[in-house]
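Let me begin by presenting the structure, written as structure tokens, before commenting on it.
Atoms within each ligand, like the ligands themselves, are counted from 1 in listed order. Below, all heavy atoms of this structure are taken into account, side chains as well, without hydrogens, waters or symmetry copies. Note that the structure is predicted; figures quoted are calculated from it, not measured.
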Amino acid sequence: MTTALITGATAGIGAAFARRLAGRGYHLVLAARNTDRLWREATELHDRHGVEADVVTADLATEEGISAVEDRLNSREHPVDLLVNNAGFGNKGRYLEVSVADELTMLKVHCEAVLRLTSAATASMCERGRGGVINVASVAAFFPRGTYGASKAWVTQFTQGAAKDLAGQGVRLMALCPGFVRTEFHDRAGMDSTGIPRWMWLDADQVVETALQDLARGKVLSVPDPRYKALLGASRLIPRGVLAKASSTTGRKYGPK
Ligand SMILES: NC(=O)c1ccc[n+]([C@@H]2O[C@H](COP(=O)([O-])OP(=O)(O)OC[C@H]3O[C@@H](n4cnc5c(N)ncnc54)[C@H](OP(=O)(O)O)[C@@H]3O)[C@@H](O)[C@H]2O)c1
């Protein structure tokens, strides 16, 4: 029996992970804040794929929410074989337009929760000598882009470092760095994404398929899609100041307050 726990499983990339892993026969533990949505999704995946699907209602911006998911990861009776730390969001506005409280909430969800859940999962995976963790970062990790980009840079660096430290123990860790993906993310953040060129948009199911292939190949960093691989390669040749200007404007138009 193989079980995957996915945070932020009710929408976008997390829901795509849930669908894809259920299709592969994984039993699921779905975590997010909206209980009704979690149960709807769990029931649908159970009915369609015959897998067990449980839910954990958890706000990962809170101590109780992080602890609830940690407790589930610490279960010896029902071990988790694959953790996908995916929950995340964007704040509406640039630096100083966003309150410090909201910036800290982002760090709690994107960094503290990822650190604590990865640690809970890998501790028990190392004991069993097998398991995997996918931490969803972003290509924003490689560009100056406010607290969002900085938090995703932390996720990427942390994951790469932890993967090295745990090498040889049968546990795989991978940072997933997609570009723009069509999900609820931009609407939720109040972003006007109409100016983002069509070629930059990725499909969540394809991102997930590539991520799972990359994890199976033992990659520690996954940048799905050749367009974004090329963009990252080219970005290394561009002066940092020019890059900062481009990345602080691309896709950062916000709707009315
Ligand atoms: N879309 C993109 O262009 C893009 C690109 C690169 C990276 N990413 C990253 O991909 C991940 C998933 O984003 P997405 O695009 O799929 O976004 P999405 O469609 O808005 O889905 C976000 C998911 O996270 C959950 N969530 C949000 N805040 C939470 C919290 N405090 N506690 C627990 N769950 C929470 C949401 O459910 P509830 O509201 O029910 O809690 C939802 O299931 C994020 O980490 C994001 O930074 C997205």
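- Nearest protein heavy-atom contact of atom 37 (O) of ligand 1 is Thr10 OG1, 3.1 Å.
- With ligand atoms numbered from 1 in the order given, ligand 1 contributes 9 (C), 10 (O), 11 (C) to contacts under 4.0 Å with heavy atoms of Val136.
- There is no path of hydrophobic side-chain contacts, each under 4.5 Å, that joins Val155 to Leu73.
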List the steps, then state whether side-chain hydrogen bond (donor to acceptor under 3.5 Å, both in side chains) holds for Asp225 with Thr210. CA-CA 8 Å; Asp225 199 88; Thr210 306; over 6 Å; no

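- Put simply, the side chain of Leu176 reaches to within 4.5 Å of the side chain of Pro224, judged on heavy atoms.
- The single protein non-hydrogen atom nearest to atom 21 (O) of ligand 1 is Ala11 CB, 3.6 Å, given as residue, atom name and distance.
- In the candidate list Ala204, Ala137, Ala9, Ala137 is nearest to atom 7 (C) of ligand 1, counting heavy atoms.
- Contacts of Lys152 with ligand 1, taken as heavy-atom pairs under 4.0 Å, involve the side chain alone.
- Distance from atom 44 (C) of ligand 1 to its nearest protein heavy atom, with residue and atom name: Asn86 O, 3.2 Å.
- At the shortest separation from atom 14 (P) of ligand 1 among protein heavy atoms lies Thr183 OG1, 3.5 Å.
- Between atom 8 (N) of ligand 1 and the options Phe185, Phe180, Tyr148, the minimum heavy-atom separation is to Tyr148.
- When side chains are defined from C-beta on, Val220 does not count as touching Leu173, because their heavy atoms never get closer than 4.5 Å.
- Under the 4.5 Å side-chain criterion, counting only non-hydrogen atoms from C-beta, Glu70 is in contact with Leu117.
- The atoms of ligand 1 that sit less than 4.0 Å from any heavy atom of Ile13 are 10 (O), 16 (O), 48 (C).
- The closest approach between Arg188 and ligand 1 falls below 4.0 Å for a heavy atom of the residue.
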Is there a side-chain hydrogen bond (donor to acceptor under 3.5 Å, both in side chains) between Asn135 and Thr159? Walk through the geometry before answering. CA-CA 7 Å; Asn135 286 334; Thr159 305; 3.0 Å; yes

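- For atom 3 (O) of ligand 1, the closest non-hydrogen atom of the protein is Val181 N, 2.8 Å.
- The shortest N/O to N/O separation between Phe89 and ligand 1 does not fall below 3.5 Å.
- Contact annotation for Arg33 and ligand 1: heavy atoms of both the backbone and the side chain come within less than 4.0 Å of the ligand.
- The N/O atoms of Trp201, backbone and side chain alike, include none that comes under 3.5 Å of an N/O atom in ligand 1.
- With hydrogens and angles ignored, the 3.5 Å screen pairs no side-chain donor or acceptor of Arg20 with any backbone N or O of Val208.
- Applying the 4.0 Å criterion to heavy atoms of His186 picks out, from ligand 1, the atoms 1 (N), 2 (C), 3 (O).
- Numbered from 1 in the order shown, with element, the atoms of ligand 1 that lie under 4.0 Å from a heavy atom of Val109 read 31 (N).
- Summarising the contacts of atom 5 (C) of ligand 1 with Ser138, Ala87, Gly179, the nearest heavy atom is found in Gly179.
- Both the backbone and the side chain of Leu60 come within contact range of ligand 1, each with a heavy atom under 4.0 Å.
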Run the side chain to side chain contact (heavy atoms under 4.5 Å, CB included) check on Glu127 and Arg76 step by step: do they pass? CA-CA 11 Å; Glu127 279 176 20; Arg76 283 172 186 272; 3.0 Å; yes

Could you walk me through whether Leu231 and Met200 satisfy the side chain to side chain contact (heavy atoms under 4.5 Å, CB included) test, starting with their C-alpha distance in whole Å, then the side-chain angles of each, then the deciding distance to 0.1 Å, before giving a yes or no? CA-CA 10 Å; Leu231 197 68; Met200 293 188 97; 4.2 Å; yes

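- At the shortest separation from atom 31 (N) of ligand 1 among protein heavy atoms lies Asp59 OD1, 2.9 Å.
- Side chains of Glu103 and Leu107 form no contact here, defined as non-hydrogen atoms less than 4.5 Å apart.
- Looking at atom 25 (C) of ligand 1, its nearest protein heavy atom turns out to be Gly8 CA, 3.5 Å.
- Ring-plane geometry between His186 and Phe180 is classed as tilted, the angle between the planes lying from 30 to 60 degrees on a 0 to 90 degree scale.
- Atom CD of Glu112 and atom CG of Leu104 lie 10.5 Å apart (nearest 0.5 Å).
- Scanning all protein heavy atoms for the shortest distance to atom 22 (C) of ligand 1 gives Gly88 O, 3.8 Å.
- Close approach of ligand 1 to Gly12 (heavy-atom distance below 4.0 Å) involves ligand atoms 16 (O), 19 (O).
- Taking the charged nitrogens against the carboxylate oxygens, Asp81 and Arg128 do have a contact shorter than 4.0 Å, which makes a salt bridge.
- Using a 4.0 Å cut-off between a side-chain N of Lys or Arg and a carboxylate O of Asp or Glu, Arg24 and Glu209 qualify as a salt bridge.
- Scanning Ser151, Gly90, Ala58 for the heavy atom closest to atom 33 (C) of ligand 1 points to Ala58.
- Listed by number with element, the atoms of ligand 1 under 4.0 angstrom from any heavy atom of Asn34 are 40 (O).
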